[in-house]
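Have a look at the structure below, then the notes.
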Amino acid sequence: MPVSIKSEREIELMRKAGEILAKTHEELGKIIRPGISTYEIDRIGEEIIRSYDCIPSFLNYNGYPTSICVSVNEEVVHGIPSKKRILKEGDIVSLDAGVIYKGYHSDAARTHAVGEISEEATKLIEVTKQAFYEGIKYAKEGHHLHEISAAIGNYAESFGYGVVRDLVGHGIGKKLHEEPQIPNFAQKRRGLKLQAGMTLAIEPMINIGTYEVYWLDDDWTVVTEDDSLSAHYENTVLITKGEPEILSLSPSVK
Ligand code: MF3
Ligand code: CO
């Protein structure tokens, strides 16, 4: 399957999906505090998404049981919300969410501090976000996909961090996961040539320690091998002839 090029109409729907997702993340950011359960975060997230007539895309995706992936501290991604998991001061928590608006997907993730966190945790969150911005410097027509990968990985590795290799970003549109796969570290080949109208979910997952991860027995939760902290930052991005448009960033919806 070739990488799809979206029409103006499709881009308009993906913009709307992205705005709603940005708003969802903005609202979820406000409820993060010591004492809240990861279950409550999921409940509120799903309510927000449905209030905009969107469908939470992760719910039942390959059997994933909830709408928001909530991953705490050494959990990298795909943590499953639970009433028993209560956030505490000093934790970091990654929220990953996806919405479908009129058949089109948007996917984005943010890592938040729970109350006061350590300097090293703060730096990890900032570097992970900046790694995304380093990557999208190359997210333009005429550049090659793996220029994005290398920029993300080299930036994060310059801080001594481990860049997760077992999970990647992806194309997005009518489906949550479309071609191409987008690794977050340098590749031997330059990858495909980017074209205006491609829509990509770019998502660095960065660990303070080793890049190695493993899966918990729930078959979803991905955890760092050395139990070091991990952060995640993701947006759905539209490739254009000029600067990329970050579709899941600005919550223009009220
Ligand atoms: N953002 C995640 C990804 O791109 C989506 C989680 S998949 C789910 O893989 F199954 F957990 F929903
Ligand atoms: Co994704």
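Here, residue 1 is the first one in the sequence, and each next residue gets the next number. Counting starts at 1 for both ligands and their atoms, following the listed order. The figures here come from the full heavy-atom set of this structure, side chains too, leaving out hydrogens, waters and symmetry mates. As the structure is a computational prediction, the values presented were derived from the model and not from experiment.
Considering backbone and side-chain N/O of His232, none are found under 3.5 Å from N/O of ligand 1. The distance criterion of under 3.5 Å between nitrogen or oxygen atoms is met by Glu203 with respect to ligand 1.
In this structure, CD in Glu26 is found 10.0 Å from OG in Ser250, a value given to the nearest 0.5 Å.
Salt-bridge check for Lys23 with Glu27: passed, with a basic side-chain N closer than 4.0 Å to an acidic carboxylate O. Salt-bridge annotation for Glu243 and Lys140: present, with a side-chain N of the basic residue lying under 4.0 Å from a carboxylate O of the acidic one. Between Glu134 and Lys137, at least one side-chain nitrogen of the basic residue sits less than 4.0 Å from a carboxylate oxygen of the acidic one, meeting the salt-bridge criterion. Between Lys16 and Glu12, none of the side-chain N atoms (NZ, or NE/NH1/NH2) sits under 4.0 Å from a carboxylate O, so this pair counts as no salt bridge.
Nearest N/O/S atom of Glu234 relative to the Co ion (ligand 2): this is OE2. With respect to the Co ion (ligand 2), Asp107 has OD2 as its nearest N, O or S atom. Checked against the Co ion (ligand 2), the N, O or S atom of Glu203 at the shortest distance is OE2.
Looking only at protein heavy atoms, the nearest one to atom 3 (C) of ligand 1 is His177 NE2, 3.2 Å. In terms of protein heavy-atom proximity, atom 4 (O) of ligand 1 is nearest to His170 NE2, 2.8 Å. Summary of contacts: the protein heavy atom closest to atom 2 (C) of ligand 1 is Asp96 OD2, 3.2 Å. Closest to atom 6 (C) of ligand 1, if we only count protein heavy atoms, is His78 NE2, 3.4 Å.
Close approach of ligand 1 to Cys69 is summarised as follows: ligand atoms under 4.0 Å from at least one heavy atom of the residue are 11 (F). Close approach of ligand 1 to Trp220 (heavy-atom distance below 4.0 Å) involves ligand atoms 10 (F), 11 (F).
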Problem set entry | Stepwise side chain to side chain contact (heavy atoms under 4.5 Å, CB included) check, Asp53 with Ile20 | CA-CA 10 Å; Asp53 288 329; Ile20 292 164; over 6 Å; no
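No donor-acceptor contact under 3.5 angstrom links the side chains of Asn207 and Ser228, judged on distance only.
Heavy atoms from both the backbone and the side chain of Tyr61 come within less than 4.0 Å of ligand 1.
Between the Co ion (ligand 2) and His170 there is an N/O/S contact shorter than 2.8 Å.
Relative orientation of the Phe159 and Tyr161 rings is parallel, given thresholds of 30° and 60° on the angle between their planes. Relative orientation of the Phe132 and Tyr233 rings is perpendicular, given thresholds of 30° and 60° on the angle between their planes.
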